[in-house]
Participant: 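Just dropping this structure here.
Here the structure is a predicted model, which is why all the values come from computation and not from measurement.
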Amino acid sequence: MKRLARWFAGAYLLVLLGVVATFRLVGESWWVVTALLYLPRWIFLLPALLVLLALCLARDVRGVSVCALALGLVTLPLLGVSLRATVVAHSRAGKQSLRVFSYNVARGKHHRHLAAAIRAADADLLLFQEWTPALNASIQALLPSHQRAVVDQFAFFSRHPIVATEGTPAELPESPDGRAFASATVASPLGEIVVFNVHPVSPRRGFERLRHDAWSEEARRSVDAESRMRELQMTALATATRATELPTIVGGDTNLPGLSRIFARSLGHFDDGFAEVGRGLGHTYPSARPWMRIDRVLARRPLAFDRFEVLPFPHGSDHLPVLAVISRR
């Protein structure tokens, strides 16, 4: 029994290593891996319970240590757990900072909860996705000292002057969710910065087709087509971010979970606020019982993160809002 339990523990560890490698190397190029990427990661913990039970019954201390290593592999890269402190040391105390808030507002279906989240954030710069013109007057009333700029589905509200705005390149095809990103140049206390507000195409339509008919070739093609569109959009975003020499922030609903190959290739050169100074799981979707982190704030040097948190407002949208505090190195 001890040999069998140890064999299962070793096999479990190898399978987890294979899953991580497949996510990174194959990624969204195959619909099966795409579907696995967007599943709740806790399912990878289920075999561990059986393996631990078998090892305990066999009184195999060595096997338990192997299984513990496997669990560490799940909780860190697969679940995306961060063990960092939520606030950096006071070495940056007294420096100018910028509070950046990002929220996919789901077209403002729950206005009262949306307003509560905005008040709680007290942000200098607010980025909204899935914005609708109907929200303009009511949200501006909440933020009377902020300038507003709206480009397609994206809204920017800033306490500091918005110098210029720019939409998605015209040659990039528009997805069913609208344009993939927009940018604004802001004259902030940190100097002029370029802020990209992002929301690439969602994978949900293809997944809905898979859920109704997993054996349908059309459903599989739909998942792959959305992945190709998302990769095309994020490649265009990467090109746009590299085209500016100004300090750059990227915020929004990326629709890309942890270990996404598309995310690593397009935005891997940015620091992720949650990875830098966040703590815990950082999940933002779906808001009622989140099990995926797709809403992010990213920055590149000379900008650095002092704080990052997911705000607990589960009723304003199907996403949770995120807040980052950014300063210069």
Participant: Of the non-hydrogen atoms in Glu208 and His212, which two are nearest, and what is the gap between them?
Facilitator: O-ND1, 2.8 Å
Participant: Would you say that more than 12 heavy atoms from the other residues, nucleotides or ligands in this model lie under 6.0 Å from the CD of Glu166, or not?
Facilitator: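 No, because the 6.0 Å sphere around CD of Glu166 holds 12 heavy atoms or fewer from other groups.
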Participant: Say whether Phe308 and Val325 are linked into one hydrophobic cluster, either directly or through other cluster members, by side-chain heavy-atom distances under 4.5 angstrom.
Facilitator: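 The answer is no; the residues belong to distinct hydrophobic clusters.
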Participant: Decide, yes or no, whether a salt bridge links Arg99 with Asp124 under the criterion of side-chain N to carboxylate O below 4.0 Å.
Facilitator: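 So Arg99 does not pair with Asp124 through a salt bridge.
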Participant: Below 30° counts as parallel, above 60° as perpendicular, anything between as tilted: where do the rings of His315 and His113 land?
Facilitator: tilted
Participant: Test side chain to side chain contact (heavy atoms under 4.5 Å, CB included) on Ile249 and Leu98 and set out the steps.
Facilitator: CA-CA 11 Å; Ile249 295 172; Leu98 192 69; 4.2 Å; yes
Participant: Describe, in one word, how the ring planes of Phe23 and Phe44 are oriented to each other, choosing from parallel (under 30°), tilted (30 to 60°) and perpendicular (over 60°).
Facilitator: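 Geometry flag for Phe44 against Phe23: perpendicular rings.
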Participant: Could you check Glu28 against Ser260 for side chain to side chain donor-acceptor pair (under 3.5 Å), going step by step and ending with a plain yes or no?
Facilitator: CA-CA 7 Å; Glu28 293 92 334; Ser260 160; 2.6 Å; yes
Participant: Are more than 12 heavy atoms from other residues, nucleotides or ligands located less than 6.0 Å from atom CD of Glu245?
Facilitator: no
Participant: Could you tabulate the donor-acceptor pairs under 3.5 Å formed by side-chain atoms of residues 181-190, not counting sequence neighbours?
Facilitator:
residue, atom, partner, partner atom, Å
Ser188, OG, Leu190, N, 3.1
Ser188, OG, Gly191, O, 2.8

Participant: If I compare all heavy atoms of Ser287 with all of Pro314, which pair ends up nearest, and what's the gap?
Facilitator: OG-O, 3.0 Å
Participant: Please evaluate residues Arg209 and Arg211 with respect to the criterion side chain to side chain contact (heavy atoms under 4.5 Å, CB included), reporting the C-alpha separation (whole Å), side-chain torsions for both, the decisive distance (0.1 Å), and the verdict.
Facilitator: CA-CA 5 Å; Arg209 290 181 179 179; Arg211 194 159 46 241; over 6 Å; no
Participant: Any side-chain to backbone donor/acceptor pair from Arg329 onto Pro302? Under 3.5 Å, distance only.
Facilitator: no
Participant: Could you go through the side chain to side chain contact (heavy atoms under 4.5 Å, CB included) check for Arg296 and Phe263 one step at a time?
Facilitator: CA-CA 11 Å; Arg296 307 170 187 267; Phe263 179 82; 3.6 Å; yes
Participant: Checking side chain to side chain contact (heavy atoms under 4.5 Å, CB included) for the pair Val201/Asn255: CA distance, chi angles, key distance, verdict?
Facilitator: CA-CA 7 Å; Val201 62; Asn255 274 322; over 6 Å; no
Participant: So, Arg230 and Glu226, do they make that salt bridge, N to O below 4.0 Å?
Facilitator: no
Participant: Is there a donor in the side chain of Asp224 and an acceptor in the side chain of Trp30, or the other way round, less than 3.5 Å apart?
Facilitator: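 Looking only at side-chain atoms, Trp30 and Asp224 do not form any donor-acceptor pair under 3.5 Å.
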Participant: Taking only residues two or more places apart in sequence, or in another chain, which ones meet Pro286 in a side chain to side chain contact (heavy atoms under 4.5 Å, CB included)?
Facilitator: Trp291
Participant: How about Asp177 and Ser202: does a side-chain donor come under 3.5 Å of a side-chain acceptor?
Facilitator: no
Participant: Any salt bridge between Asp272 and Arg293, counting N to O under 4.0 Å?
Facilitator: yes
Participant: Looking at Phe270, is its backbone amide N or carbonyl O close enough to the side chain of Arg301 to form a donor-acceptor pair, meaning the two atoms are under 3.5 Å apart?
Facilitator: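 No, the answer is negative, given that no donor and acceptor are paired below the 3.5 Å cut-off.
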Participant: Knowing that exactly one of His199, Arg107, Arg179 qualifies, which makes a side-chain hydrogen bond (donor to acceptor under 3.5 Å, both in side chains) with Gln153?
Facilitator: His199
Participant: Is it true that Arg220 and Asp213 have a side-chain N and a carboxylate O under 4.0 angstrom from each other?
Facilitator: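 A salt bridge is absent here (no side-chain N lies under 4.0 Å from a carboxylate O).
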Participant: Mind checking whether Tyr103 and Phe101 have parallel, tilted or perpendicular rings, split at 30° and 60°?
Facilitator: perpendicular
Participant: For the residue pair Val20 and Pro77, what are the closest heavy atoms and their distance?
Facilitator: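 Val20 and Pro77 have their closest heavy atoms at CG2-CG, 4.5 Å.
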Participant: Would you say that Leu45 contacts Leu78 through its side chain, given a criterion of any heavy-atom pair below 4.5 Å between the two side chains?
Facilitator: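 Side chain of Leu45 against side chain of Leu78, heavy atoms only: no contact under 4.5 Å found.
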Participant: Above 12 or not: heavy atoms from other molecules or residues under 6.0 Å from CZ of Arg148?
Facilitator: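 Atom CZ in Arg148 is packed in, count exceeds 12.
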Participant: If we ignore hydrogens and angles and just use 3.5 Å, is the side chain of Asp152 paired with the main-chain N or O of Phe154 as donor and acceptor?
Facilitator: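 Flag not set: sc Asp152 to bb Phe154 has no pair under 3.5 Å.
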Participant: Closest heavy-atom contact between Arg205 and Ser222?
Facilitator: C-OG, 4.5 Å
Participant: Write down the atom of Leu281, the atom of Leu79, and the distance for their closest heavy-atom approach.
Facilitator: CD2-O, 3.9 Å
Participant: Using a 3.5 Å distance criterion without hydrogens, assess whether the side chain of Gln140 forms a donor-acceptor pair with backbone atoms of Leu143.
Facilitator: yes
Participant: Checking Ser266 side chain against Ala238 main chain: does a donor-acceptor pair fall under 3.5 Å?
Facilitator: no
Participant: Spell out, as yes or no, whether a donor-acceptor pair under 3.5 Å connects the side chain of His283 to the backbone of Arg289.
Facilitator: no
Participant: Does NZ or CZ of Arg279 come closer than 6.0 Å to the centre of the six-membered ring of Phe274, within 45° of the ring's axis?
Facilitator: no
Participant: Quick check: closest heavy atoms across Val105 and Phe128, and the distance to 0.1 Å?
Facilitator: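 For Val105 and Phe128, the tightest heavy-atom pair comes out as CG1-CD2, 3.4 Å.
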Participant: With a 6.0 Å cut-off on ring centres, are Trp131 and Phe157 close enough?
Facilitator: yes
